[in-house]
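Notes follow once the structure below has been shown.
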Amino acid sequence: MKNKTLNRRDFVNGCALSLAAGSTISPLEALAQNILDPTTLPPDYYPPTKQGLRGSHEGSFEVAHEMRDGKRWNAMDAGDPAYDLVVVGGGLSGLSAAYFFRKQHGPGARILILENHDDFGGHAKRNEFWHDGRMHLVNGGTLNVEAPQQYNTAAAGLLWELGIDRVRYFEKNKKMWSRYEEMGLKGSMFFDRETFGEEKLVVGYGDDPFDRFIDNTPLSDEVRNDAKRLYADKKDYFPGLSSDEKRDKLAHMSYRDYITNVVKCHPDVVKLFDTSLLGIFVTAMDAIPAIYCREMGYPGFDGLNLEDISPDQLANEPGGQHGRENTERAERGDPDMYFPDGNATIARLLVRSLVPGAVPGGSMEDVVSSRVDYDLLDRNDNKVRIRLNSTVVNVAHINDRQVETQYVLGGDAYSVRSGAVVMACWNSVIPFICHEFSEKQNEALLYGQKSPLVYTNVLISNWRSFVDAGISRISAPGGYHPSIGLPPSLELGEYQTSRNPDRPIAVRMSCYFNEPGLSRREQHRVGRNRMLATPFSTFEYHIRDQLSRILGPTGFDDEQDILGITVNRWPHGYTYAYNPLFDPDDWVFTTTSERPAVVGRQRHGRIAIANADAAASPHTDAAIGEAFRAVNELLSSA
Ligand SMILES: Cc1cc2nc3c(=O)[nH]c(=O)nc-3n(C[C@H](O)[C@H](O)[C@H](O)COP(=O)(O)OP(=O)(O)OC[C@H]3O[C@@H](n4cnc5c(N)ncnc54)[C@H](O)[C@@H]3O)c2cc1C
């Protein structure tokens, strides 16, 4: 048994043991001689500081793809005693499931979390850049606690129990965006020569009156006039139809088609909105329903005299119902909360609670600067263990009291037993891991396609070029990264985002992979394949090219100014949310139990399903709320 455990650890250590100068011995010998502690990670194991291609990094997905393609493994017993719970997936949902399970079953509950990446948090990861002894933080994925007042009770309660205090947070962070405004910095749009025939940075986008902004653009007179008309006209483009009939039309027509075919604007007008919508939907404009844009306040609808949606519509669903919920209700209450590393702060607070000592400190402020001791995550004597680099390939009941979970670590497969399993991984992998669900449930689990998006962070030596250009953020329709910007200006404990333009700062750039002309799901599928085939060098080329072209005139020099690059690619990014252009209206606008998310998430014996996909909502409160539901469902299987 011992050597099996050793194999697992040996992989994580990633090396043979070096003893005296030049001499190495095999791990087996080392264990026999009591030299090797199988629970020790290399001292420099610290994934947040890794640069290059991160997110779904190399080594994290290959086993899952082999499993999808039919490979099977012979698993050896990992040598662990039986657990009360095994959690598949160490994202916010999996960590929350462990938290809720321990709350219900007491501090003695033995829990193992298996995660295929080299770090915990799922999408909620952080990037740490270090320069001249100072840390610069950015979110590698999940950005913010959006619309906190809408959080379901389980999620809001969890945040509170973890020590996230909104009042204290906003005492220090009210100016996270206005600090840039006070420096005179505005939004901007960059028109590139390949797309628009002329290269120009226009300052004031989103801040100055629209007419003033548009008159400065290099767009033709026809495009400018059409864009102004789209904003100003109060025309009823559907005379004779009732409010409901108009809504129905807008639900089944893309915003692109509405602007070009109904309002009859030049196609280039559409490009003005591409950037902001991509960040939410990750599809080309042809897959975004016009009604969503109306609800989110985009122009062109004022003359239609539509009745507003009821404040009750989807009121109890988690966040991320963009375009399907009552805007007034959605925007009421506290503003969004950003931590310097995004929602990785929530993941770290969860791990602090689950594995005592692993994340030193005791407050939401000090967790930001705290260094995780990865070596403590998977110790024999932990009640809760987090095992990284471990891809689960099989979950099956052994009998009506126990489930066996098999995972691959370092090329070898291991098995553990537990009284229950929560699948907090993505819906799309569950049918390949567990073969006990019905065909109907598998079909439902496989319905959604997660969206492929990339969040890139670039540490630059100073941001004087932004200040001299008078901008804090850039929309670049047609650009490889359509969205570029300075991070929110935050202060938590000892950590403060750079406030001195002559000092380094991490710039955020995002890009999206889609395929116009296809359905939303197909756009995501094709885009994902393209993303996975894109090497780091391509991202780097475009980072340097775009920043130089936009900020070069105010002094940016990529050779001198770029200090570090981390490209976080998320081929399986936002959860699929329903869309009336491609899905039945009932799935989109009601909470019918016919929705694939509901059919797919049903518990089977001692195996329950969590994760944001189970709510069809790409949001943190969905991930937490589904963990709470899954853990509660297991109570009834006890
Ligand atoms: C780039 C990006 C930005 C986002 N921004 C926001 C935001 O600002 N606000 C917001 O509320 N939400 C945001 N989201 C949505 C985010 O997905 C959710 O908020 C939440 O973090 C999802 O948590 P989860 O645990 O359900 O899924 P994940 O975070 O995806 O975690 C699931 C984990 O399971 C692992 N896993 C999968 N298969 C296996 C296997 N076979 N074995 C072991 N492990 C496996 C995965 O690798 C992953 O680590 C964002 C998402 C992305 C991609």
Side-chain angles (χ1 to χ4, degrees), residues 54-57 60-61 63-68 86-98 112-125 139-148 150-151 155 279-280 282 318-320 322 336-339 342-344 346-347 350 386-395 405-409 421-434 450-456 488 508 510-512 568-577 609-627 630:
R54 296 294 293 159
S56 269
H57 57 81
S60 67
F61 54 85
V63 170
H65 289 178
E66 286 174 340
M67 170 181 66
R68 176 200 62 197
V86 164
V87 179
V88 183
L92 288 180
S93 199
L95 296 170
S96 304
L112 173 68
I113 300 168
L114 293 163
E115 165 59 43
N116 60 320
H117 288 91
D118 60 11
D119 200 357
F120 57 81
H123 295 148
K125 293 239 172 53
N139 59 301
T142 310
L143 172 67
N144 64 11
V145 177
E146 188 181 325
Q150 287 206 93
Y151 268 42
I280 302 174
V282 193
H322 302 288
D336 303 343
M337 294 169 79
Y338 296 74
F339 291 97
N343 288 4
I346 303 177
L350 276 161
I386 301 174
R387 190 160 297 162
L388 301 171
N389 303 298
S390 302
T391 305
V392 173
V393 290
N394 198 44
V395 171
T405 299
Q406 300 179 347
Y407 61 94
V408 174
L409 195 166
V421 169
V422 168
M423 309 284 281
C425 47
W426 307 319
N427 272 3
S428 58
V429 302
I430 293 174
F432 297 98
I433 295 176
C434 179
K450 286 163 100 69
S451 57
L453 67 165
V454 176
Y455 277 11
T456 288
R508 301 173 52 239
S510 24
C511 71
Y512 310 92
N568 302 279
R569 58 174 183 190
W570 299 108
H572 300 271
Y574 298 161
T575 286
Y576 185 80
I609 294 176
N611 99 78
D613 294 349
S617 158
H619 258 238
T620 293
D621 58 332
I624 299 172
E626 293 305 311

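Ligands are counted one by one from 1 in listed order, and the atoms in each one are counted from 1 as well.
Taking only non-hydrogen atoms, the option from Tyr574, Trp426, Phe61 nearest to atom 28 (P) of ligand 1 is Trp426. Selection from Thr391, Val392, Leu143, Ile624 by nearest heavy atom to atom 7 (C) of ligand 1 gives Leu143. Between atom 37 (C) of ligand 1 and the options Gly573, Pro571, Cys425, the minimum heavy-atom separation is to Cys425.
Within the 4.5 Å cutoff, the side chain of Asp119 has no heavy atoms near those of the His57 side chain. Between Lys125 and Arg54, the closest side-chain pair of non-hydrogen atoms is not below 4.5 Å. In this structure, the side chains of Met67 and Val408 stay at 4.5 Å or more apart for every pair of heavy atoms. Counting only heavy atoms from C-beta outward, the side chains of Leu95 and Ile386 approach each other to under 4.5 Å.
Of the protein's heavy atoms, Asn144 O, 2.9 Å lies nearest to atom 9 (N) of ligand 1. Taking atom 29 (O) of ligand 1 as the reference point, the nearest protein heavy-atom neighbour is His123 N, 2.8 Å. From the protein, the heavy atom lying nearest to atom 47 (O) of ligand 1 is Asn116 OD1, 2.6 Å. Here the heavy atom of the protein found nearest to atom 21 (O) of ligand 1 is Thr142 OG1, 3.5 Å. Of all protein heavy atoms, the one closest to atom 15 (C) of ligand 1 is Pro618 O, 3.3 Å. With hydrogens left out, the protein atom closest to atom 48 (C) of ligand 1 is Glu115 OE1, 3.6 Å, a heavy atom. Of all protein heavy atoms, the one closest to atom 34 (O) of ligand 1 is Gly89 CA, 3.3 Å.
At least one heavy atom of Ser390 sits less than 4.0 Å from an atom of ligand 1. Contact analysis leaves Ala64 out of contact with ligand 1, as no non-hydrogen atom separation drops below 4.0 angstrom. Using a 4.0 Å cutoff on heavy atoms, Glu146 does not count as a contact of ligand 1.
Taking every non-hydrogen atom of Leu92 and a distance limit under 4.0 Å, the qualifying atoms of ligand 1 come out as 21 (O), 25 (O).
Ring pair His123/Trp426 is parallel by interplanar angle, where below 30° counts as parallel and above 60° as perpendicular.
Taken to the nearest 0.5 Å, the OG1 atom of Thr142 stands 8.0 Å off from the OH atom of Tyr455. Atom CD1 of Ile609 and atom CG of Asn427 lie 6.5 Å apart (nearest 0.5 Å). To the nearest 0.5 Å, atoms CZ (Phe120) and CG (Leu388) are separated by 8.0 Å.
Of the heavy atoms in His117, only side-chain atoms (C-beta onward) come closer than 4.0 Å to ligand 1. Using a 4.0 Å cut-off between heavy atoms, Tyr407 makes no contact with ligand 1 at all. If you look at Leu114 next to ligand 1, the close heavy atoms, those under 4.0 Å, all belong to the backbone.
At distances below 3.5 Å, at least one donor-acceptor pair connects side-chain atoms of Tyr574 with backbone N or O atoms of Gly279.
Counting only N and O atoms by type, the side chains of Asp613 and Thr575 include a donor and acceptor under 3.5 Å apart.
Among the atoms of Gly94, none of the N or O lies under 3.5 angstrom from an N or O of ligand 1.
Residues Gly90 and Ile113 approach most closely at CA-CG2, 3.7 Å, considering heavy atoms.
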